[in-house]
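These notes concern the structure reproduced below.
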There are 2 protein chains.
Amino acid sequence: MKILTENLLFQGLDNTEIQQILNTVRHNERSYSPGETIVRQGDIIDSIGILLAGNAVGKKYTPEGEEIIVSQMAPNSIFGDVLSGAIGFSSPVTVQALKNCRVLFINYQQLLFADAPATHKVLQNIIQNISRKYFTQNKRTDILMLKSVRSKILSYLEWQKSINNSNSFSINLDRRLMADFLGVERSALSRELSRMKKEGIIDFHKNKFTLLY
Amino acid sequence: MKILTENLLFQGLDNTEIQQILNTVRHNERSYSPGETIVRQGDIIDSIGILLAGNAVGKKYTPEGEEIIVSQMAPNSIFGDVLSGAIGFSSPVTVQALKNCRVLFINYQQLLFADAPATHKVLQNIIQNISRKYFTQNKRTDILMLKSVRSKILSYLEWQKSINNSNSFSINLDRRLMADFLGVERSALSRELSRMKKEGIIDFHKNKFTLLY
DNA sequence: CCTTTTGTGTTGCTATAGCAACCTTTTTTA
DNA sequence: TAAAAAAGGTTGCTATAGCAACACAAAAGG
């Protein structure tokens, strides 16, 4: 359970406080094999999930049935927090285990209403966490609004530059995921990246990018 | 102050509880004339704003300097909640008064740490409110990801249909805002809407739409 | 009431990006 | 280590949507 002390949800809490909360609030742990579905698109859930071990992805399906990866989860990732917060909404994504996963589910309503003093801090952490997610989402919306592939790429790379505080950085998306994130065809992305490299605006190798302007 | 009892932030609280919170938490009221800026894009703010009277809009500017309306606010609208929650982020939007506005600002940190018993309920309301905004944002992202103007329109109208529980409904966006929301040219939107009407898929007049399929 | 502004629809031109198909390189795994 | 699979790059064709420009109707404002 040591991993929980580093979880964003419990930031600022010590072991005893976390234990206190777990004693008060209903929770359960479950394991999943690779490929198994943890949350299905359309499910209504009432728990916050914490990935204790393993890797998972959030997918969704377009109206045409094409599959899109919308998020990648590593140990200590939190999911279902936004969903549980918006009572009555159903999950827009399917969460699927990639490797053997161990997931801790914490009942959301009980967490909200628990009167352990530390829950107050947890609520703040939830708010902070959701807000951060909201801003990432927002940034993506801004990028998706741009009309040309090039402007999308530039906007994305600028963003990453500002996050990494450097003209040179690695991104954690491969070309397919990057194309999905920008809302363009993978081939169109490759084409434009090559063009930009040829023009000397950027340089890149695999997922390592450098801005040259 | 009667209007606050109907505010989503104070849902489930009675007058005395709201008063209690306001007594504990620093807040202030300010008026704005039409056209005046309430929050500037890039500002870092530490308060939740509640529009007590008047109308305002949230705008943002594209890299090319084009102005886009991203939200419309009526009395009792809440703004700055997500922003205050994500400590260290700066406002992605400019909030501007359209008519004479009266705004109540409530200090966010104090609201979080206040120990009036009712604040706990307020935190839950904040979470619910942010979560809802997140889902709207999410829906928009889904729509922006679609490639053709027609599929965007259909996806948007389906969504509105499900919200209104009817094949016939009014939307609260004019063509310009609708085009912005869908991330397409206004002319392209008009063209496609006309085409769809001609094909008998939909009918519309102004902002009143009917799905015919 | 007349004028101005705003909202909406229409259309021709054209660049761009989607699509499909194929190739090359790298990584995985049997 | 050979074979298979995954990731990335390239390219031709073509429909589509962006852009610009204009027309018309409705609403707002003085």
Side-chain angles (χ1 to χ4, degrees), chain A residues 34-35 55 57 59 62-69 72 98-99 143-157 170-199 202-209, chain B residues 34-35 55 57 59 62-69 72 96 98-100 143-156 170-199 201-209:
Chain A
N55 287 87
V57 288
K59 319 174 160 183
T62 65
E64 298 85 37
E66 197 197 348
E67 182 180 299
I68 294 178
I69 308 288
Q72 302 178 93
L98 288 182
K99 304 182 186 169
I143 292 178
L144 289 174
M145 290 278 296
L146 300 173
K147 324 118 230 96
S148 72
V149 173
R150 175 167 298 202
S151 58
K152 288 181 180 186
I153 294 175
L154 284 175
S155 180
Y156 176 74
L157 293 179
S170 296
I171 65 174
N172 57 350
L173 304 174
D174 62 24
R175 288 288 179 284
R176 167 109 290 270
L177 292 178
M178 186 178 173
D180 281 350
F181 189 89
L182 301 181
V184 301
E185 268 306 295
R186 188 189 58 81
S187 67
L189 173 59
S190 266
R191 166 154 51 194
E192 194 61 33
L193 282 175
S194 302
R195 219 178 264 157
M196 291 165 79
K197 186 191 264 186
K198 197 171 294 171
E199 291 180 26
I202 62 169
D203 195 17
F204 64 91
H205 180 66
K206 303 255 172 192
N207 65 343
K208 168 130 180 109
F209 288 83
Chain B
N55 288 86
V57 287
K59 321 173 157 182
T62 65
E64 298 85 36
E66 197 198 347
E67 182 180 298
I68 294 177
I69 308 287
Q72 302 178 93
Q96 191 177 36
L98 289 182
K99 303 183 188 170
N100 282 309
I143 292 178
L144 288 174
M145 292 277 296
L146 300 173
K147 326 118 228 97
S148 70
V149 173
R150 174 167 300 202
S151 58
K152 289 181 180 187
I153 295 175
L154 284 175
S155 180
Y156 176 74
S170 295
I171 64 175
N172 57 350
L173 304 173
D174 61 25
R175 288 289 179 282
R176 166 111 288 273
L177 292 178
M178 186 178 173
D180 282 349
F181 189 90
L182 301 181
V184 300
E185 268 307 295
R186 189 191 57 80
S187 66
L189 173 59
S190 266
R191 167 154 48 194
E192 195 60 33
L193 282 174
S194 301
R195 220 178 265 156
M196 292 167 79
K197 185 191 265 186
K198 198 170 294 171
E199 291 179 27
I201 300 175
I202 61 169
D203 195 17
F204 63 92
H205 180 67
K206 302 255 174 193
N207 65 343
K208 168 129 182 110
F209 288 83

Query raised in the report: Between B:Leu144 and A:Met145, is any pair of side-chain heavy atoms under 4.5 Å apart?
Result: yes

**Report entry** Earlier contact from the 5' end, DNA chain D, for A:Asn207 and B:Glu185
**Finding:** A:Asn207

Query raised in the report: Can you check whether B:Ser194 has a side-chain N or O nearer than 4.0 Å to OP1 or OP2 of C:dT10?
Result: yes

Query raised in the report: Is there a donor-acceptor pair closer than 3.5 Å between any side-chain N or O of B:Ser194 and the backbone N or O of B:Ser190?
Result: yes

Requested in this report: Find the distance B:Leu189:CG to C:dT11:P and express it as a whole number of Å.
Outcome: 16 Å

Query raised in the report: Does any non-hydrogen side-chain atom of B:Leu98 lie less than 4.5 Å from one of B:Pro34?
Result: no

Requested in this report: Take the protein atom CE of B:Met178 and the nucleotide atom P of C:dT6, then report the distance between them rounded to whole Å.
Outcome: 22 Å

**Report entry** Spacing of A:Glu192 atom CD relative to C:dA17 atom P, expressed in whole Å
**Finding:** 7 Å

Query - B:Arg186 vs C:dG9: side-chain N/O to OP1/OP2 distance below 4.0 Å - result: no

Query - Side-chain touch B:Val149/B:Leu182, heavy atoms, less than 4.5 angstrom - result: no

Report summary line: Taken to the nearest whole Å, CZ/B:Arg195 to C1'/C:dT11 is 11 Å

Query - B:Arg150 CZ to B:Glu199 CD distance, which is reported to the nearest 0.5 Å - result: 4.0 Å

Requested in this report: Look at all strands and tell whether A:Ser148 reaches a base, only sugar-phosphate, or nothing, counting heavy atoms closer than 4.0 Å.
Outcome: sugar-phosphate

Query raised in the report: Side chain of A:Arg191, base of C:dG18: donor and acceptor closer than 3.5 Å?
Result: yes

Requested in this report: To the nearest Å, give me how far apart CG (A:Leu177) and P (D:dA6) are.
Outcome: 14 Å

Report summary line: Whichever of A:Lys147 and A:Leu173 has the more 5' nearest nucleotide on DNA chain D, that residue is A:Leu173

Report task. State whether B:Arg175 places a side-chain N or O below 4.0 Å from either non-bridging phosphate oxygen (OP1 or OP2) of C:dG9. Result -> yes

**Report entry** Spacing of A:Leu146 atom CG relative to D:dC19 atom P, expressed in whole Å
**Finding:** 11 Å

Query - Separation of atom NZ in B:Lys99 from atom P in D:dG29, rounded to whole Å - result: 10 Å

Report task. Find which nucleotide of DNA chain C each of B:Lys206 and A:Arg150 is nearest to by heavy atoms, and output the residue with the more 5' nucleotide. Result -> B:Lys206

Query raised in the report: Could you state the CD-C1' distance from A:Glu66 to C:dG18, rounded to the nearest angstrom?
Result: 12 Å

